Amino acid sequence: MIVNGSLISQDVATLNESAQDQLRIHSIETFGTHDGPGIRMVIFVQGCQFRCLYCANPDTLDVKGGKLMNLEEIVQRAVRQKPFFGKLGGVTVSGGEPLLQRKILKKLFLRLHEEGINTVLDSNGRLINRQAKELLEETDLLMLDVKHFNNDWHKKLTGLSNVNTFKVAEYREGTGKPMWLRYVLVPGWSDQEEHLEQLGQHFKDYKTIQKIEILPYHKLGMHKWESLGMEYKLKDVERPTEESLERTAAILRKYFKEVQVN
Ligand code: SF4
């Protein structure tokens, strides 16, 4: 596990330069139903620059961890699973943070499209450059994780700024391609009414946002933090109450056509 600055700033796309056509992954889930429409093969890629205090998969953060897997092997696995995807399903790439491996993921999504397989990218929107835009071009649905509207709170929660996340949303809106927003509701951290209203105001005119998902905070990843020797700072924070979830959903319903509590 790494937490020092030098590794945080490294980019898996660069690390993998020599290992062309290989994706650094953490794991693959075969029949995922929580990460995008329908039944999906979910690829959890390795490496993330955020340090969300509630991260349920802290073992995906290290950009040098995980294992390398050949692109074509992944494609063939998806092709074998294709009969189970139905009309809505396909492949989701989640993490970790997929944008760190944008170059290779663009190749993967291109190949999946050749095979007639739908692509979803679950991203925190950490960066937007030419290669990220090219990947988004091959992404049928973007699930953008907005961790907080307020930048100070965002930094407290994730260690980094939210500026690029909003730039990614703006770029996606400009392309006219669909996206969902995802918002982890953490009591005392991301449930302030004022900031939820601001979030709604910011996105209310976006036409490409099909829905916003509220993900209730949970502590299921806490034991992983402990086993990695990392301090879990939200020990005393409990799952949001039903009232708090309903209050949040009511605020967001004023601005988004669909609000889903997961
Ligand atoms: S963005 Fe996702 S993978 Fe990265 S630290 Fe946050 S929750 Fe974990």
Side-chain angles (χ1 to χ4, degrees), residues 1-5 7-13 15 23-29 32 34-36 42-67 92-102 105 120-128 132 135 139 142-151 153-169 179-187 189-190 212-235 237 239-240 262:
M1 171 52 47
I2 49 94
V3 282
N4 70 57
L7 275 179
I8 288 171
S9 66
Q10 282 195 33
D11 187 323
V12 181
L15 285 174
L23 185 67
R24 189 172 285 274
I25 69 159
H26 171 271
S27 55
I28 294 182
E29 185 183 348
H34 299 292
D35 296 288
V42 186
I43 304 165
F44 295 94
V45 293
Q46 184 71 24
C48 184
Q49 292 172 318
F50 279 20
R51 290 294 179 267
C52 301
L53 296 179
Y54 51 74
C55 183
N57 299 309
D59 45 341
T60 66
L61 301 184
D62 182 355
V63 294
K64 286 185 170 171
K67 59 183 178 205
T92 294
V93 176
S94 183
E97 173 45 46
L99 283 177
L100 295 184
Q101 300 186 75
R102 53 202 174 275
L105 283 174
V120 170
L121 191 76
D122 178 16
S123 168
N124 64 25
R126 175 63 189 132
L127 65 95
I128 183 77
L135 171 59
T139 300
L142 170 65
M143 297 201 299
L144 186 65
D145 303 304
V146 179
K147 311 287 186 181
H148 209 292
F149 181 80
N150 177 276
N151 204 14
W153 275 104
H154 192 277
K155 286 179 189 165
K156 277 191 237 174
L157 258 181
T158 71
L160 290 171
S161 151
N162 63 9
V163 170
N164 282 347
T165 307
F166 287 97
K167 282 189 187 161
V168 168
M179 75 178 138
W180 294 358
L181 300 186
R182 302 183 115 186
Y183 191 84
V184 180
L185 192 71
V186 190
W189 289 80
S190 63
I212 182 164
E213 292 184 327
I214 303 170
L215 313 176
Y217 162 79
H218 61 71
K219 286 195 220 184
L220 297 178
M222 190 163 86
H223 69 281
K224 290 193 197 170
W225 283 66
E226 286 162 359
S227 64
L228 290 164
M230 293 159 68
E231 186 194 354
Y232 189 79
K233 294 196 176 129
L234 301 186
K235 258 193 202 89
V237 179
R239 191 183 191 280
N262 277 3

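Computed from a prediction, not measured in an experiment: that's the story for all the values here. Whatever order the structure lists ligands and atoms in, that order sets their numbers, starting from 1. Just so it is clear, the values below take in all heavy atoms, side chains as well, and ignore hydrogens, waters and symmetry mates.
- Closest to atom 1 (S) of ligand 1 among all protein heavy atoms lies Asn124 ND2, 3.4 Å.
- Every atom of ligand 1 with a heavy atom of Lys147 under 4.0 Å away is listed here by number and element: 1 (S), 2 (Fe), 6 (Fe), 7 (S).
- Checked options Leu135, Leu105, Ile128; the residue passing with Leu99 is Leu135 (criterion: side chain to side chain contact (heavy atoms under 4.5 Å, CB included)).
- Between His148 and Trp153, the ring planes lie parallel to each other; the angle is under 30°, not in the 30° to 60° tilted range.
- In terms of protein heavy-atom proximity, atom 3 (S) of ligand 1 is closest to Gly96 N, 3.4 Å.
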### Task
Take Asn262 and His34 through the side chain to side chain contact (heavy atoms under 4.5 Å, CB included) test and state the conclusion after the steps.
CA-CA 8 Å; Asn262 277 3; His34 299 292; 5.7 Å; no

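- Under 4.0 angstrom from ligand 1, the non-hydrogen atoms of Leu61 all belong to its side chain.
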### Message
Quick one, Trp225 with Lys233, criterion side chain to side chain contact (heavy atoms under 4.5 Å, CB included). Give me CA distance, side-chain angles, the key distance, then yes/no.
### Response
CA-CA 10 Å; Trp225 283 66; Lys233 294 196 176 129; over 6 Å; no

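- Coordination check, Cys52 versus atom 8 (Fe) of ligand 1: failed, since every N/O/S atom of the residue sits at 2.8 Å or beyond.
- Of the candidates Ala56, Gly95, Cys55, it is Cys55 that places a heavy atom closest to atom 7 (S) of ligand 1.
- Atoms of ligand 1 found under 4.0 Å from any heavy atom of Cys48, numbered from 1 in the order shown, are 1 (S), 3 (S), 4 (Fe), 5 (S).
- Under the side chain to side chain donor-acceptor pair (under 3.5 Å) test applied with Ser94, the options Asp35, Asn57, Asp145, Asp122 reduce to a single match, Asp122.
- The shortest distance between side-chain heavy atoms of Gln101 and Arg24 falls below 4.5 Å.
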